[in-house]
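Report on the structure given below.
Position 1 is the first residue of the sequence; numbering continues from there. Atoms considered below: every heavy atom in the structure, side chains included; atoms not considered: hydrogens, waters and symmetry mates.
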Amino acid sequence: MKEILRLMVVLTTVSALAGFSLAYVNEKTKEPRAYQDRMKLLGSLNTVLPPHGNQPDKDAVAIGGTTYYVSKQDGAVNGVAFETSSDKGYSGLVRVMVGIKPDGEIISIEIVEQKETPGLGSKITEGWFKDRYRGKSLQNARWKVKKDGGDFDQISGATISPRAVTGAVKAGLDAYGKNREQILGGAHVVQ
């Protein structure tokens, strides 16, 4: 009985020390982690948005669970970025950052997260694939992969991944179109 009591005290002490240590480390690293998260976001935004003179993460509008990052040059809106996703990738979730002109034409896309098969589905991260979306909008493209009668290239042996990206981007453009006036808020817009 004494042995069990001693083991309980030791286990409780070790658990309490581990818990306090984790809480301490979490508290001490909260700001550096937040800074790194912001730098990662800004890196994605700078990749998909045109040159801008503001901090798009500070000029953001949240609507319906999506955050729209507005870029401005000389006080005029020249781009909007947003993150969209699809859970229909071959290996699950595919997250895409999309940069568009105020009229809805795509400037660029960036794959933020994917777990697709290396060498096959992971080709969605390559420049040649992402460039296929540049200049496209809801009005000038059929938003399916070519195999399904659309305008976007599929990847041989990995059609599911491009379908996920194309579907995610289209869904994001649809949401932007519905909320465009609210996002831009009557701001002066550069076309």
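- The side chain to side chain contact (heavy atoms under 4.5 Å, CB included) search around Val10 returns Arg6, Val14, not counting sequence neighbours.
- Taken from CD1 in Ile107 to OG1 in Thr47, the straight-line distance is 12.0 Å, to the nearest 0.5 Å.
- In this structure, Val80 and Ile183 have side chains that are in contact, with non-hydrogen atoms separated by less than 4.5 Å.
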| task | Give the C-alpha distance, both sets of side-chain angles, the deciding distance and a yes or no for side-chain hydrogen bond (donor to acceptor under 3.5 Å, both in side chains) between Tyr133 and Thr166. | result | CA-CA 9 Å; Tyr133 294 87; Thr166 301; 2.6 Å; yes
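- In this structure the side chain of Pro162 reaches within 4.5 angstrom of the side chain of Phe129, judged on heavy atoms.
- Side-chain atoms of Asp87 do not come within 3.5 Å of backbone N or O of Leu93 as any donor-acceptor pair.
- For residues 12-24, the set of pairs meeting the salt bridge (charged side-chain N to carboxylate O under 4.0 Å, His left out) definition, not counting sequence neighbours, is empty.
- Sequence neighbours left out, the pairs with a member in residues 149-165 that pass salt bridge (charged side-chain N to carboxylate O under 4.0 Å, His left out) are Arg132-Asp153, Arg142-Asp151, Lys146-Asp153, Asp148-Arg163.
- Remark: Glu31 CD is loosely packed, at most 12 non-hydrogen atoms of other residues, nucleotides or ligands lying under 6.0 Å away.
- Taking hydrophobic clusters as Ile, Leu, Val, Met, Phe, Trp and Tyr residues chained together by side-chain heavy-atom distances below 4.5 Å, Ile109 shares a cluster with Ile155.
- Using the six-membered ring where Trp is involved, Phe82 and Tyr176 have ring planes that are parallel, under 30° apart on the 30 and 60° scheme.
- Note that CD1 of Ile63 and CG of Asn179 are 4.5 Å apart. Values are rounded to the nearest 0.5 Å.
- The closest donor-acceptor contact from the side chain of Glu105 to the backbone of Ser137 lies at 3.5 Å or more, if one exists at all.
- Checking side-chain atoms of Glu116 against main-chain N and O of Ser91 turns up a donor-acceptor pair under 3.5 Å.
- Residues meeting the side chain to side chain contact (heavy atoms under 4.5 Å, CB included) test with Ser21, sequence neighbours left out: none.
- Considering only residues two or more places apart in sequence or on other chains, Lys123 meets the salt bridge (charged side-chain N to carboxylate O under 4.0 Å, His left out) condition with none of them.
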| task | Could you check Thr84 against Thr66 for side-chain contact (heavy atoms from CB on, under 4.5 Å), going step by step and ending with a plain yes or no? | result | CA-CA 8 Å; Thr84 183; Thr66 300; over 6 Å; no
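- Within the hydrophobic cluster formed by Ile, Leu, Val, Met, Phe, Trp and Tyr side chains joined at under 4.5 Å, directly or through other members, Tyr90 is accompanied by Ile160.
- For the pair Leu184/Pro102, a side-chain contact is recorded, criterion being any heavy-atom separation below 4.5 Å from C-beta on.
- Contact annotation: the side chain of Val112 never approaches that of Val94 to less than 4.5 Å [non-hydrogen atoms, C-beta and beyond].
- Salt-bridge annotation for Asp131 and Arg134: present, with a side-chain N of the basic residue lying under 4.0 Å from a carboxylate O of the acidic one.
- Here the CD1 atom belonging to Ile100 is positioned 10.0 Å from the OG atom belonging to Ser71, to the nearest 0.5 angstrom.
- Put simply, OH on Tyr68 and CD on Gln182 are 9.5 Å apart, with the number rounded to the nearest 0.5 Å.
- Counting heavy atoms from C-beta on, the side chains of Leu120 and Ser122 never come closer than 4.5 Å.
- Looking at residues two or more places apart in sequence or on another chain, you find a side chain to side chain contact (heavy atoms under 4.5 Å, CB included) between Arg38 and Leu42, Gln55, Asp57, Lys58.
- Both Leu173 and Val77 are assigned to one and the same hydrophobic cluster, defined by single-linkage of ILVMFWY side chains at heavy-atom distances under 4.5 Å.
- Looking at residues two or more places apart in sequence or on another chain, you find a side chain to side chain contact (heavy atoms under 4.5 Å, CB included) between Ala81 and Leu45, Val48, Leu49, Tyr69, Met97.
- Residue Met8 qualifies as open at atom CE: its count of foreign heavy atoms under 6.0 Å is 12 or below.
- Residues forming a side chain to side chain donor-acceptor pair (under 3.5 Å) with Glu110 (at least two apart in sequence, or on another chain): Lys130.
- Shown here for Gly121 and Ser161, the closest heavy-atom pair between the two residues is CA-OG, 3.3 Å.
- Judged by distance alone, the side chain of Asn140 and the main-chain N or O of Gly135 form a donor-acceptor pair under 3.5 Å.
- Here Leu17 is tied to no hydrophobic group at all, with no ILVMFWY side chain closer than 4.5 Å.
- Every residue two or more places apart in sequence or in another chain that forms a salt bridge (charged side-chain N to carboxylate O under 4.0 Å, His left out) with Glu113 is listed here: Arg95, Lys115.
- By the criterion of side-chain heavy atoms lying less than 4.5 angstrom apart, applied directly or through intervening Ile, Leu, Val, Met, Phe, Trp or Tyr residues, Tyr35 is not grouped with Val25; the two fall into different hydrophobic clusters.
- Neither Phe20 nor Leu11 shares a network with the other; the hydrophobic side chains, linked directly or stepwise wherever heavy atoms of I, L, V, M, F, W or Y lie under 4.5 Å apart, form separate groups for each.
- No donor-acceptor pair under 3.5 Å is formed between the side chain of Asn26 and the backbone N or O of Leu22.
- Of the charged side-chain nitrogens involved, at least one lies within less than 4.0 Å of a carboxylate oxygen, so that Lys170 and Asp174 count as a salt-bridged pair.
- Under the rule for a side chain to side chain donor-acceptor pair (under 3.5 Å), Gln36 has no partner lying at least two apart in sequence or in another chain.
- Within the 4.5 Å cutoff, no side-chain heavy atoms of Val165 are placed close to those of Phe152.
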